[in-house]
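Contents: one structure, followed by commentary.
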Number of protein chains: 2
Amino acid sequence: MQDVDAGGCGTPVPGAHPRPDGRDRYTISEVVSLSGLSAHTLRWYERIGLLGEVERSHTGQRRFTNRDLDWLSLVGKLRLTGMPVAEMVRYAELVREGDHTVGERLEFLVAAREDVRGRIAELQGALEVLECKVSAHAAAVAESH
Amino acid sequence: MQDVDAGGCGTPVPGAHPRPDGRDRYTISEVVSLSGLSAHTLRWYERIGLLGEVERSHTGQRRFTNRDLDWLSLVGKLRLTGMPVAEMVRYAELVREGDHTVGERLEFLVAAREDVRGRIAELQGALEVLECKVSAHAAAVAESH
DNA sequence: TACGGAGCTCGAGTGCACTCCAAGCAAGGG
DNA sequence: CCCTTGCTTGGAGTGCACTCGAGCTCCGTA
């Protein structure tokens with residue numbers, strides 16, 4: 001089965017470090033450079049349940065998988081939208097609960113999408129104001145030769 | 001002289017309480033319902049210099065002016081963009097310093113504008129991912145008849 | 001065998017933006 | 001005169017999302 005939450009929608013971001021393919025086990029420091037998050041933050045994400053049990057090496061060190069990386073990329077997107085971490089944790093729990101939560105997850109995603117649309121509209125309002133202020137100040141600067 | 005920072009760019013927001021015109025002195029509770037900010041927050045804004053000395057009644061109560069309301073509306077826009085309060089305070093200081101800071105203010109506004117544009121782009125990236133996830137989950141829900 | 005470097009856990013600390021509290025004053029109504 | 005309502009102050013508290021520190025283990029190289 002193809003989990004509907006893993007991969008499939010990630011933009012292979014131009015700015016970010018590319019993921020070396022053919023591998024599926026990454027140390028925490030590799031994930032730090034791949035994700036841009038700090039090691040502390042990654043461990044914290046796991047503690048609060050935003051990341052689900054990460055696999056371990058025989059000595060107890062974390063070994064992140066490509067699936068973890070996909071999940072982190074989604075989390076990054078949601079974080080950009082300003083979604084509180086607690087909500088993302090709730091979503092992570094739904095994913096862990098299995099396929100029968102897919103309807104609830106759909107609701108969550110739709111709500112998040114509407115939220116983002118609203119936020120974009122807000123920002124566009126702010127942008128208009130800023131553009132107006134910029135013109136006014138540029139004119140004032142020009143006027144004072 | 002027409003201060004380039006007062007009014008002129010405010011969208012008369014459809015959702016917000018309209019400002020009763022013909023008046024220029026508002027109590028703190030009037031500003032609470034006009035701005036949506038709490039009284040605590042308004043006093044705190046004044047304390048940290050985000051609002052400049054607010055006029056007082058003979059008994060020491062604050063009397064906000066239309067100019068204060070205009071400023072608060074700009075602050076609200078900037079807050080929506082995620083700008084830290086400290087930066088807005090810096091801008092407020094530039095405004096208080098007078099006309100000779102108009103160039104610096106222009107720089108500030110241009111930077112803020114670029115910031116907002118970048119943030120909109122980020123959100124649009126997140127929106128795409130969300131739309132993709134929504135389709136995938138909608139399909140999964142439909143498939144499970 | 002010694003050492004540097006990466007990783008581990010648990011718990012405490014930080015910075016931001018509020019948010020609340022206690023104690024007190026002023027005006028108006030009963 | 002008392003009570004309520006609305007406002008004042010300074011300072012303490014809250015919630016969020018990290019962020020850091022102490023003290024430990026484990027591994028590879030000299």
Side-chain angles (χ1 to χ4, degrees), chain A residues 23 25-65 68 71-72 74-93 112 115 119 122 126, chain B residues 23 25-65 68 71-72 74-93 112 115 119 122 126:
Chain A
R23 284 216 294 132
R25 288 171 71 79
Y26 306 86
T27 65
I28 200 164
S29 62
E30 285 168 329
V31 178
V32 164
S33 44
L34 255 23
S35 71
L37 297 164
S38 76
H40 281 302
T41 300
L42 289 168
R43 288 191 278 254
W44 179 66
Y45 277 5
E46 188 185 2
R47 259 213 311 286
I48 64 174
L50 186 50
L51 207 44
E53 296 279 286
V54 175
E55 285 174 37
R56 301 300 177 113
S57 73
H58 69 106
T59 59
Q61 297 193 353
R62 287 174 183 79
R63 291 297 176 256
F64 294 82
T65 62
D68 292 327
W71 176 255
L72 283 173
L74 174 61
V75 165
K77 296 289 180 189
L78 293 179
R79 212 168 41 106
L80 281 181
T81 72
M83 177 182 293
V85 166
E87 259 181 75
M88 293 191 250
V89 170
R90 174 75 195 122
Y91 183 72
E93 282 163 359
D115 204 272
R119 200 168 243 68
E122 280 176 353
Chain B
R23 286 217 290 135
R25 289 171 72 78
Y26 306 86
T27 65
I28 200 165
S29 62
E30 286 169 326
V31 178
V32 165
S33 44
L34 254 24
S35 70
L37 297 165
S38 75
H40 284 303
T41 301
L42 288 167
R43 289 191 277 255
W44 178 66
Y45 277 5
E46 187 184 2
R47 260 214 310 286
I48 64 173
L50 185 50
L51 208 45
E53 296 279 285
V54 175
E55 287 175 36
R56 301 300 178 115
S57 72
H58 69 106
T59 59
Q61 297 193 352
R62 287 174 183 79
R63 291 296 177 259
F64 294 82
T65 62
D68 292 327
W71 176 255
L72 283 174
L74 175 61
V75 164
K77 296 287 180 191
L78 294 179
R79 211 167 42 106
L80 282 180
T81 72
M83 177 181 294
V85 166
E87 258 181 75
M88 292 191 251
V89 170
R90 174 74 194 121
Y91 184 72
E93 281 163 0
D115 204 273
R119 199 166 243 72
E122 280 176 352

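If you take CZ on A:Phe64 and CG on A:Leu72, they are separated by 7.0 Å, rounding to the nearest 0.5 Å. The line from CD of A:Glu122 to CZ of B:Arg119 is 12.5 Å long, rounded to the nearest 0.5 Å. Note that CE of A:Met83 and NZ of A:Lys77 are 14.0 Å apart. Values are rounded to the nearest 0.5 Å.
Within residues 79-92 of chain A, no residue has any heavy atom closer than 4.0 Å to DNA chain C. Listed by residue number, the members of residues 55-65 of chain A with any heavy atom below 4.0 angstrom from DNA chain C are A:Arg56, A:Gly60, A:Gln61, A:Arg62.
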N/O donor-acceptor pairs under 3.5 Å from side chains in residues 42-49 of chain B, not counting sequence neighbours:
from    : atom 1 : to      : atom 2 : distance (Å)
B:Glu46 : OE1    : B:Arg62 : NE     : 2.6
B:Glu46 : OE1    : B:Arg62 : NH2    : 3.3
B:Glu46 : OE2    : B:Val54 : N      : 3.1

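Regarding A:Tyr26, its OH atom lies at a distance of 16 Å from the P atom of C:dG7, rounded to whole Å. Atom CD of A:Glu46 is separated from atom C1' of C:dC8 by 11 Å (rounded to the nearest Å).
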Checklist line | Dot-bracket pairing map - DNA chain C, Watson-Crick plus G-U, both contacts under 3.5 Å, | cross-strand | finding: ||||||||||||||||||||||||||||||
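Applying the salt bridge (Lys or Arg N to Asp or Glu O under 4.0 Å) test to every pair with at least one member in residues 25-42 of chain A, sequence neighbours left out, gives these pairs: A:Arg23-A:Glu30, A:Arg25-A:Glu55.
The closest side-chain heavy-atom distance from B:Val75 to B:Leu50 is below 4.5 Å. A:Arg79 is listed as a side-chain neighbour of A:Met88, based on a closest heavy-atom distance under 4.5 Å.
Residues A:Ala126 and B:Thr81 share a closest heavy-atom pair of CB-CG2, 3.7 Å. Between A:Leu51 and A:Trp71, the shortest heavy-atom distance links the atoms CD1-CD1, 3.5 Å.
Under a 3.5 Å cut-off, the side chain of A:Asp115 and the backbone N or O of A:Ala112 do not form any donor-acceptor pair.
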Protein N or O to nucleotides 19-21 of chain C N or O, pairs below 3.5 Å:
from   : atom 1 : to      : atom 2 : distance (Å)
C:dC20 : N4     : B:His40 : ND1    : 3.4

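Residue B:Tyr45 places none of its side-chain N or O atoms closer than 4.0 Å to OP1 or OP2 of C:dA17. Not one side-chain nitrogen or oxygen of B:Arg43 sits closer than 4.0 Å to the OP1 or OP2 atom of D:dT9.
When the salt bridge (Lys or Arg N to Asp or Glu O under 4.0 Å) test is applied to A:Glu93, the partners found at least two apart in sequence or on another chain are A:Arg90.
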